[in-house]
**Student:** 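So that we are looking at the same thing, I have put the structure below in structure tokens.
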Protein chains: 2
Amino acid sequence: MRLDPASPADLSVQIASAIRDAIVAGELIVDQRLPSEAELSEQFKVSRPTVREALKRLAAQSLIRTQRGATGGAFVNRISFEEAYSQQITTSTLLLSMNAVSFETACEARYALERACAPLSAARRSADHLATMRAEIHRQGQPGLTDEAFCASDVAFHRALVDGAGNPVMSYQLAGAVEAMQPLMNMITFTARDRARIVAMHSDIADAMTEQDGPAVEAGLTVLERETQQLALNAIAARQAQKTSAR
Amino acid sequence: MRLDPASPADLSVQIASAIRDAIVAGELIVDQRLPSEAELSEQFKVSRPTVREALKRLAAQSLIRTQRGATGGAFVNRISFEEAYSQQITTSTLLLSMNAVSFETACEARYALERACAPLSAARRSADHLATMRAEIHRQGQPGLTDEAFCASDVAFHRALVDGAGNPVMSYQLAGAVEAMQPLMNMITFTARDRARIVAMHSDIADAMTEQDGPAVEAGLTVLERETQQLALNAIAARQAQKTSAR
DNA sequence: TGCGAATTTAATGTCAGACATTTAAAAACG
DNA sequence: CGTTTTTAAATGTCTGACATTAAATTCGCA
């Protein structure tokens with residue numbers, strides 16, 4: 001690991017890159033301990049705070065973890081699926097909220113990807129997944145549920161569907177697509193009638209899952225997508241009307 | 001933004017979380033300037049280096065960017081799709097390589113998600129996307145191409161297919177699935193005959209794209225998935241045999 | 001001899017203050 | 001009025017110190 005003295009980038013950025021490259025290239029193995037901060041600062045010919053800033057950057061990406069104490073130090077981290085999930089979700093959420101992605105685009109992507117899970121999930125889902133889906137459907141039917149809680153339950157329902165495929169890589173990739181939609185969904189107000197329709201569609205999907213009928217699950221998702229898009233259009237129209245009348 | 005004095009976490013972690021939450025909650029708008037490091041250190045009652053470590057964490061996630069000079073400081077960053085792409089790819093790649101994800105699982109996820117793009121991409125692809133696909137197919141047929149270059153071209157081909165859907169959210173979500181497979185694919189040795197078969201399959205897919213025949217694209221991808229899985233099995237078997245004979 | 005408690009030690013976490021560097025705005029000057 | 005110089009404010013980096021943590025070691029005692 002060496003630095004490019006001609007590089008215009010800040011030292012801490014360069015050091016972080018050098019270590020990251022070493023990890024990605026496999027020169028540093030999982031659970032291997034990095035040299036101590038003092039050693040690194042000597043090796044790179046920089047001060048300890050600079051090394052620390054570099055290490056913090058890597059820690060933020062879960063590439064390393066640090067431990068205090070006598071045998072402590074920075075260790076190459078095995079990125080767990082859970083950590084990767086949550087990173088994926090925050091990045092996706094911010095990406096959508098900051099880039100004025102239309103509801104339509106995000107929704108289309110989400111349902112397209114979710115349909116990709118349908119055949120696998122229908123074939124492999126466990127009783128647990130079915131139970132989760134049914135439980136969330138039941139919750140969604142309860143009166144007095146806030147819109148936010150309804151959306152959260154919706155997300156849980158869809159996650160169960162995705163997880164049913166039993167493919168952790170797929171669950172990971174979809175985590176962002178499903179969860180990042182939640183803030184967008186929260187802008188919709190669901191009337192009692194809307195909810196009833198959605199619950200009915202969820203039931204259809206759960207039924208198809210129970211019977212391991214992949215195509216039926218796909219069809220159910222397509223119907224649900226159309227409904228969701230329509231609800232969003234109505235919500236946007238309502239907001240427009242409100243704005244006009246306020247003038 | 002305040003800290004929880006009872007929290008066991010390190011100060012810099014707490015400060016980073018507080019600022020991150022403020023950004024995610026929308027209290028800090030894109031391009032808004034954060035207080036200077038000196039002000040933050042006073043506000044949080046910590047030293048400047050501690051604040052800096054927190055800011056570096058956020059910078060690593062592209063949540064903020066910093067600028068030097070008189071009007072400089074830390075600014076809330078608009079995460080671009082490109083930045084999100086590259087983050088997605090490194091995280092996905094490490095996740096796969098560190099967690100002993102089987103080729104089968106990763107490959108299944110990738111092709112399932114890619115098939116989800118097929119109908120949209122077949123309908124919407126531009127001439128540009130088609131040209132890219134054809135160009136990559138041509139490159140793949142060139143003799144003397146290294147296995148790595150072949151894989152890289154394969155990735156470019158698939159990205160064109162995904163981008164053809166014209167849905168940036170989908171392209172983003174799939175970037176990880178497609179690119180992270182490359183290291184796994186690099187472990188396979190492609191014989192001339194293997195390559196010829198793959199090129200033929202790519203041609204079939206490109207033909208279907210040209211005719212905007214979504215189902216045919218899906219079918220082509222399914223065939224390609226089967227072929228890829230088979231090649232991987234052979235590669236693993238070959239490796240096993242080598243190991244046995246070495247004893 | 002064996003075991004528990006106290007001590008040592010090596011590492012990260014935090015702090016304080018200083019200087020270097022960069023950049024834009026303000027001031028001076030022709 | 002335009003150009004150049006100066007100034008100021010911010011981040012980037014350095015030095016050196018102390019605090020905290022947790023494992024390893026030593027010591028005391030049964």
**Student:** Would you mind telling me which residue lines up with the more 5' stretch of DNA chain C, A:Arg33 or B:Lys45, judged by nearest nucleotide?
**Tutor:** A:Arg33

**Student:** To the nearest Å, how far apart are B:Glu42 CD and C:dC15 C1'?
**Tutor:** 15 Å

**Student:** Ignoring hydrogens and geometry, is there a side-chain-to-backbone donor-acceptor pair from A:Asn77 to A:Leu63 under 3.5 Å?
**Tutor:**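 It does not hold such a pair.
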
**Student:** On DNA chain D, check which nucleotide each of A:Arg68 and B:Arg52 is closest to and give me the residue with the more 5' one.
**Tutor:** B:Arg52

**Student:** What is the separation between atom CD on A:Gln67 and atom P on C:dT9, rounded to the nearest whole Å?
**Tutor:** 21 Å

**Student:** Can you check the A:Glu37 CD to D:dG16 C1' distance for me, whole Å?
**Tutor:** 15 Å

**Student:** How many whole angstroms separate atom CZ of A:Phe44 from atom C1' of D:dT13?
**Tutor:**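 Nearest whole value for this atom pair: 16 Å.
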
**Student:** Report the nucleotide, chosen from D:dA9, C:dA11, C:dC15, that has the shortest atom-to-atom distance to any side-chain atom of A:Ser36.
**Tutor:** C:dA11

**Student:** Distance check needed: C:dA11 P versus B:Asp10 CG, whole Å only.
**Tutor:**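 These atoms are roughly 18 Å apart.
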
**Student:** Closest nucleotide of DNA chain D for B:Leu55 versus for A:Ser47: which of these residues is on the 5' side?
**Tutor:**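 Between the two, 5'-proximity favours B:Leu55.
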
**Student:** Below 4.5 Å, heavy atoms only, C-beta onward: do B:Thr132 and B:Asp163 meet side chain to side chain?
**Tutor:**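 They are not in side-chain contact.
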
**Student:** Is A:Glu104 atom CD crowded by more than 12 heavy atoms from other residues, nucleotides or ligands, each under 6.0 Å away?
**Tutor:** no

**Student:** Round to the nearest Å and state the distance from B:Phe75 atom CZ to C:dT23 atom C1'.
**Tutor:**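 Between C1' of C:dT23 and CZ of B:Phe75: 12 Å.
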
**Student:** Does OP1 or OP2 of D:dG12 have a side-chain N or O of B:Thr66 closer than 4.0 Å?
**Tutor:** yes

**Student:** Between A:Glu179 and A:Arg159, does any side-chain N to carboxylate O distance fall below 4.0 Å?
**Tutor:** yes

**Student:** Using only modelled atom types and a 3.5 angstrom limit, is any donor from either the side chain of A:Arg48 or the base of D:dG16 paired with an acceptor on the other?
**Tutor:** no

**Student:** What is the separation between atom CG on A:Leu11 and atom P on D:dT11, rounded to the nearest whole Å?
**Tutor:**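 Taking CG of A:Leu11 and P of D:dT11, I get 18 Å after rounding.
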
**Student:** With the side chain of B:Thr71 defined as its heavy atoms from C-beta on, choose the nearest nucleotide among D:dA8, C:dA25, D:dA22.
**Tutor:** C:dA25

**Student:** When you measure from the side chain of A:Ala70, which nucleotide among D:dA8, C:dA10, C:dA16 comes out closest?
**Tutor:** C:dA10

**Student:** D:dG12 C1' sits how many Å from B:Arg65 CZ, rounded?
**Tutor:** 18 Å

**Student:** Is there a donor-acceptor contact under 3.5 Å linking the side chains of A:Glu108 and B:Asn167?
**Tutor:**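 There is such a pair (donor and acceptor under 3.5 Å, judged by atom type) between the side chains of A:Glu108 and B:Asn167.
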
